[in-house]
Participant: 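Can you keep this structure in mind? I'll have questions shortly.
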There are 2 protein chains.
Amino acid sequence: MTTQYKPTEKELEILQVLWTQGPATVRAVNDRLGKGREIGYTTTLKLMQIMFDKGLVSRQKEGKTHIYSAEISEEKTQNQLLDRLLDTAFKGSAMKLVMQALGHKKPSKEELEEIRKYIDQLEGGMK
Amino acid sequence: MTTQYKPTEKELEILQVLWTQGPATVRAVNDRLGKGREIGYTTTLKLMQIMFDKGLVSRQKEGKTHIYSAEISEEKTQNQLLDRLLDTAFKGSAMKLVMQALGHKKPSKEELEEIRKYIDQLEGGMK
DNA sequence: AGGTTAATACGAAGATTTTCGTAAATGATC
DNA sequence: GATCATTTACGAAAATCTTCGTATTAACCT
């Protein structure tokens, strides 16, 4: 397992778009990003070029434009950021993090039920 | 609820020390930080001065030194970072985050039990 | 009081991340 | 093939974060 690169804030935003939309052009990504605050086209372009150099995304020429695809998986990245948050802010206590997430975000009864099932499953596999 | 300031990486490390040790001098914090890699005293000093300017910590003169205390609570900060992670990486799905944390970090049976109890409690309060 | 030691204040360099302007390249259109 | 619109490439400024060197200040000790 290679030591994975840690995306910056903006890089993560771009990855989000690519994960949800699938492969996309710079133009498409930029449009999607600009929902909150406007951001220059060349800014997004530059970011995506850097991400390409870093191997975070791949790209494929289509006519005169490039189609970019995420090269790191959403789940892996989530896990990595989770680990990071755990280390830096929760002193490694996954339980504390889970409890705070549950308490703070108020999941629905159905969601709680699903989590309960998941816990059952985890316990089942450990006795 | 005030829009809370987002601590940087190093600031968070310093807050960690203050949260676990309680109020401390720059020297003490720096010693504690230097467990992994050495870091210059004046570096830590500068960071803590900046944090003071930002209101992240308070300080009190004791002889010729300053005693610094965390001014933002550990729990609030954790929650804020959690929210942030949720938004930026988990698209707001607290459940997904919880499930990944549980699956990935392999809590003990006792911890799972505790979480289960907590879920019971949450469900109890919502019917 | 003078000298020593340790802390603070200040400024600035270095590193990283984010932003964008300008120029060059590439297709599309007439 | 000249023009136009859009994209890419490149470089560099702006912003933020991290680091530390140097000077100043403050207590302490003979």
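Lettering of chains follows the sequences in order, A, B, ..., and the numbering in each one begins at 1. Not measured: the values here are computed from a predicted model.
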Participant: At under 4.0 Å between heavy atoms, how does the protein contact nucleotides 18-24 of chain D? Give one character per nucleotide, 5' to 3', with B, S or -.
Facilitator: SBBBB--
Participant: In chain order, what residues pass the salt bridge (charged side-chain N to carboxylate O under 4.0 Å, His left out) check against Glu111(B), with sequence neighbours excluded?
Facilitator: none
Participant: Can you name the residues that form a side-chain hydrogen bond (donor to acceptor under 3.5 Å, both in side chains) with Glu9(B), not counting sequence neighbours?
Facilitator: Arg84(A)
Participant: Could you give all pairs that pass the salt bridge (Lys or Arg N to Asp or Glu O under 4.0 Å) test and reach residues 48-71 of chain A, with sequence neighbours left out?
Facilitator: Glu11(A)-Lys54(A)
Participant: Tell me whether Ser73(A) contacts the main-chain N or O of Lys76(A) through its side chain, where contact means a donor paired with an acceptor under 3.5 Å.
Facilitator: yes
Participant: Holding to salt bridge (charged side-chain N to carboxylate O under 4.0 Å, His left out), I want the full list of residues that pass it with Arg27(A), two or more places apart in sequence or in another chain.
Facilitator: none
Participant: Check side chain to side chain contact (heavy atoms under 4.5 Å, CB included) between Asn79(A) and all other residues, then give those that pass, not counting sequence neighbours.
Facilitator: Glu75(A), Leu82(A), Gln100(B), His104(B)
Participant: Applying a strict under-4.5 Å side-chain criterion to I, L, V, M, F, W and Y, I'd like to know whether Ile39(B) and Leu12(B) cluster together.
Facilitator: yes
Participant: Are Val57(A) and Ile50(A) linked, directly or through intermediate hydrophobic residues, by side-chain heavy-atom contacts shorter than 4.5 Å (ILVMFWY only)?
Facilitator: no
Participant: Under the side chain to side chain contact (heavy atoms under 4.5 Å, CB included) rule, collect the residues that match up with Glu114(A), sequence neighbours excluded.
Facilitator: Met95(B), Met99(B)
Participant: Note the angle between the end axes of the helix from dA1(C)-dT30(D) to dC30(C)-dG1(D), five pairs defining each, rounded to 10 degrees.
Facilitator: 10°
Participant: Of all residues at least two apart in sequence or in a different chain, which pass the side chain to side chain contact (heavy atoms under 4.5 Å, CB included) check with Asp120(A)?
Facilitator: Arg116(B)
Participant: Is Leu56(B) reachable from Leu45(B) through a run of hydrophobic residues whose side-chain heavy atoms are each under 4.5 Å from the next?
Facilitator: yes
Participant: Which is the 5'-most and which the 3'-most nucleotide of DNA chain C that has an atom under 4.0 Å from a heavy atom of chain A?
Facilitator: dT17(C) to dG27(C)
Participant: Once you round it to whole Å, what is the distance between P of dC17(D) and CE of Met48(B)?
Facilitator: 18 Å
Participant: Can you sort out which residues in residues 52-70 of chain B have a heavy atom within less than 4.0 Å of DNA chain D? Ascending by number, please.
Facilitator: Gly63(B), Lys64(B)
Participant: What donor-acceptor contacts under 3.5 angstrom involve side-chain atoms of residues 16-24 of chain B, with partners at least two apart or in another chain?
Facilitator:
unit_1, atom_1, unit_2, atom_2, d
Gln16(B), NE2, Thr88(A), O, 2.5
Gln16(B), NE2, Ala89(A), O, 3.4
Trp19(B), NE1, Ile72(B), O, 3.1
Thr20(B), OG1, Gln16(B), O, 2.9
Thr20(B), OG1, Val17(B), O, 3.1

